[in-house]
Amino acid sequence: MSEHILVSVAWPYANGPFHVGHMAGAYLPADIFARYQRLRGRQVLMVSGSDCHGTPITLAAEKEGVTPQTIINRYHQSFIETLHAMGITFDLFTQTYTTNHYAATTDIFETLQSKGYIYREIAIGSYSESLQRFLPDRFVEGTCPNCNYAKARGDQCDKCGQLRDPKELGSPRSTLDGAPVIFRDTEHFFLDLAKLEPALREWLESTDRDYWRSNTMQFTQNWLREGLHGRAITRDLEWGVPVPGAVEGFADKRIYVWFDAVIGYYSASLEWAKRTGQPDAWRKWWDPAGAQRGYYFIGKDNIPFHTIIWPAMLLGYGDRALPYDVPANEFLNLEGQKMSTSQNWALWMPDIMSRYEPDLVRYYLTAAAPEGRDSNWSWAEFVQRTNSELVATWGNLANRVLTIAQRNFGGVPTPSDLTAADTTLLNTIEVGFARVTELYEAVKLRSALQETMALAQTANQYLSEQEPWKVVKVDRDRAATVIFVALKIIDTLNRLFSPIMPHASQKLHQMLGYDDMIAPQPQVEYELDPDGAQRPVLTGQYAIAARWQMSELVPGVSLRDPAPLFRKLDDSVAADELARLQAK
RNA sequence: GCCGAUAUAGCUCAGCGGUUAGAGCGAACGACUCAUAAUCGUUAGGUCGGUGGUUCGAUUCCACCUAUCGGCACCA
């Protein structure tokens, strides 16, 4: 039995706030999965943090005339606020700009180096004399040798799709200032993926990975088919983790951001353990011999880093658990069009959270989750699903049952003998419970939600047929039985819904007379960053009773006064939001 | 260009080598009134993108075509 579940979530790049695509792609599914696992009584460690290094952050800082720290502090703060508002239960959401992370990165680099998995090589880099710096290929443009398109980028021509190398461009220049680009030798460290490839293949083939999503496997095998090559892990940059060992000629070079970002899963685990006062506690989730599983929640653009590069690094490092599953999501479109942050065609989370309750967003993003293929956010559908599913089917079910119970019996009534209708319903719920459990376990959250909502409909049918509001006038015992059964059902369904809608579930849990937490929430705390300034982290106390089972509600329990779980949205919302979006 | 994904009811999507292809929403009609004008029932609606092939049998497998989308590596 895998009692220790590591929930690793993609590290957001700290150069802009979250949009709904980030939530749908990684943070929300990760949180739902973590909440489900905790309710099953398993030990969950959920980590991530802000990815603070790399060229775009440096450039953003220069553009504003501020330090990189200013940029990352701004967006790290924004990330924390969104995650907190959405109720994403990180054990630790930290950042890569910490002494802890620098130390872990240095350790992994040095260990890989000592084992011969890192080598040095001279490469040719695109260099801007005007800016006196090397440029990533994407910041170089010129004339495409294939189609003569004048604005082909260094990594790819947008017109014909060809091109691999900026040196092939005619009259290459920088996209930053338009000045010419020259090519200079530059020495770098490389991760020897070719050397790690056999071990990587062995790991991939060591077990039947049918449970991986087909797209994840597809991407991975495409990479392997072409064979693995060394990958540069340092860059000519001044912002990032320094190259360990004070190597001559590397003083003005830094660890390349992709290399240090994936290490974050590990370094954040170490940091979490230190914060708890048990510095070795992380081992339970990272010991390959232990009962553990690591799940990596990411967007599809990140697949090779998590199924190839990070596993290869771990294999090279040695004695650390590799990913068990990498449930990568596809992309979320917006009103039928691909989201684009540069064209501001996006729904920004700070904006959304200012107007809508987190559970509404959580519900809709799960119902329309891009699990198997790209999906779409539509405001009309958001309103429709909220009103007809959340409010009418589920919220109303809970409300009507609680109201009848409270008004007629003042609490959980004592049932008499169950009829065939009662046992049939209870059986349906029990079978459904098992099916939903399987779906959560397999990270099929969209289906899990759909199944649970279907069970709520079954409960509504039962009430229509049994008519307890009528029966109570002629046969109080029978009405008591029906209401008892209905209360058990909504209590049970509330547990199935709780990973997806924790705020509403906690409310209902308390209305049902419970005093404990079923859906805890994260909190913001503060740590010192390497410069001595305070930085926020997201963390929390999530120890809860293992309530992943049918309701154990007993007669005589007193209920708290019912209140609606969700409010209906006005029909004008869809049109208003669409107008707001198009006005940008 | 190469690789891959997707094309199913008005809309959003499930599904799958085999009886009359499903759900939700939307539409029409009816029931009910405990509940947030919520709920429940009934009905209408599809030659499952096109062509060809494999098969006793294909929406489901294969090939090609068309359309849409994504990836193509040193980009985070």
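Below, read A as the first sequence line, B as the second, and so on, with proteins coming before strands; counting in each chain starts at 1.
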ask   = Heavy-atom count around Lys444(A) NZ within 6.0 Å, excluding the residue itself: above 12?
value =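 Atom NZ in Lys444(A) is not packed in, count stays at 12 or less.
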ask   = Is the number of heavy atoms from other residues, nucleotides or ligands under 6.0 Å of Arg567(A) CZ greater than 12?
value = no
query = Taking N and O atoms by type only, does the side chain of Asn396(A) place a donor or acceptor under 3.5 Å from a partner on the base of rA35(B)?
reply = yes
How long is the line joining [atom1] of [X] and [atom2] of [N], in whole Å?
{"X": "His19(A)", "N": "rA76(B)", "atom1": "NE2", "atom2": "P", "result": "17 Å"}
{"X": "Gln384(A)", "N": "rA23(B)", "atom1": "CD", "atom2": "P", "result": "16 Å"}
{"X": "Glu467(A)", "N": "rA31(B)", "atom1": "CD", "atom2": "C1'", "result": "10 Å"}
{"X": "Glu389(A)", "N": "rG26(B)", "atom1": "CD", "atom2": "C1'", "result": "13 Å"}
{"X": "Leu565(A)", "N": "rA38(B)", "atom1": "CG", "atom2": "C1'", "result": "13 Å"}
{"X": "Glu330(A)", "N": "rU68(B)", "atom1": "CD", "atom2": "P", "result": "20 Å"}
{"X": "Gln466(A)", "N": "rG41(B)", "atom1": "CD", "atom2": "P", "result": "14 Å"}
{"X": "Asp374(A)", "N": "rG4(B)", "atom1": "CG", "atom2": "C1'", "result": "12 Å"}

Checking base pairs now: Watson-Crick or wobble, both atom distances under 3.5 Å. What partners [N]?
{"N": "rC13(B)", "value": "rG22(B)"}
{"N": "rG1(B)", "value": "rC72(B)"}
{"N": "rC64(B)", "value": "rG50(B)"}
{"N": "rU39(B)", "value": "rA31(B)"}

Which value, in whole Å, describes the distance between the [atom1] atoms of nucleotides [N] and [M]?
{"N": "rC29(B)", "M": "rC61(B)", "atom1": "C1'", "result": "43 Å"}
{"N": "rA28(B)", "M": "rG18(B)", "atom1": "P", "result": "37 Å"}
{"N": "rC65(B)", "M": "rA9(B)", "atom1": "P", "result": "25 Å"}
{"N": "rC56(B)", "M": "rC64(B)", "atom1": "C1'", "result": "26 Å"}

Within the structure shown, what part of the strands sits under 4.0 Å from [X] by heavy-atom distance: base, sugar-phosphate, or nothing?
{"X": "Asp51(A)", "result": "sugar-phosphate"}
{"X": "Arg407(A)", "result": "sugar-phosphate"}
{"X": "Leu463(A)", "result": "nothing"}

Check the phosphate of [N] against [X], side-chain N and O only, distance under 4.0 Å to OP1 or OP2. Yes or no?
{"X": "Lys300(A)", "N": "rG70(B)", "answer": "no"}
{"X": "Lys338(A)", "N": "rG70(B)", "answer": "yes"}
{"X": "Gln461(A)", "N": "rG41(B)", "answer": "yes"}
{"X": "Tyr256(A)", "N": "rA76(B)", "answer": "yes"}
{"X": "Arg446(A)", "N": "rA23(B)", "answer": "no"}

message = What verdict does the side chain to side chain contact (heavy atoms under 4.5 Å, CB included) test give for Ile298(A) and Trp11(A), after you've listed the backbone C-alpha separation in whole Å, the side-chain angles of each residue and the deciding distance to 0.1 Å?
response = CA-CA 9 Å; Ile298(A) 58 168; Trp11(A) 287 58; over 6 Å; no
task = Quick one: sort the Trp258(A) and Phe305(A) rings into parallel, tilted or perpendicular, breaks at 30° and 60°.
result = tilted
Whichever of Asn399(A) and Lys568(A) has its nearest RNA chain B nucleotide further upstream toward 5' = Asn399(A)
query = So which one's nearest nucleotide on RNA chain B is more toward 5', Asn302(A) or Arg567(A)?
reply =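 That would be Arg567(A).
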ask   = For the ring pair Trp394(A) and Phe566(A), is the centre-to-centre distance below 6.0 Å?
value =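 Ring-ring flag for Trp394(A)/Phe566(A): false, centres at least 6.0 Å apart.
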For Phe190(A), all residues meeting ring pair (Phe, Tyr, Trp, His ring centres under 6.0 Å), sequence neighbours excluded =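 For Phe190(A), the residues satisfying ring pair (Phe, Tyr, Trp, His ring centres under 6.0 Å) (neighbours in sequence not counted) are Tyr119(A).
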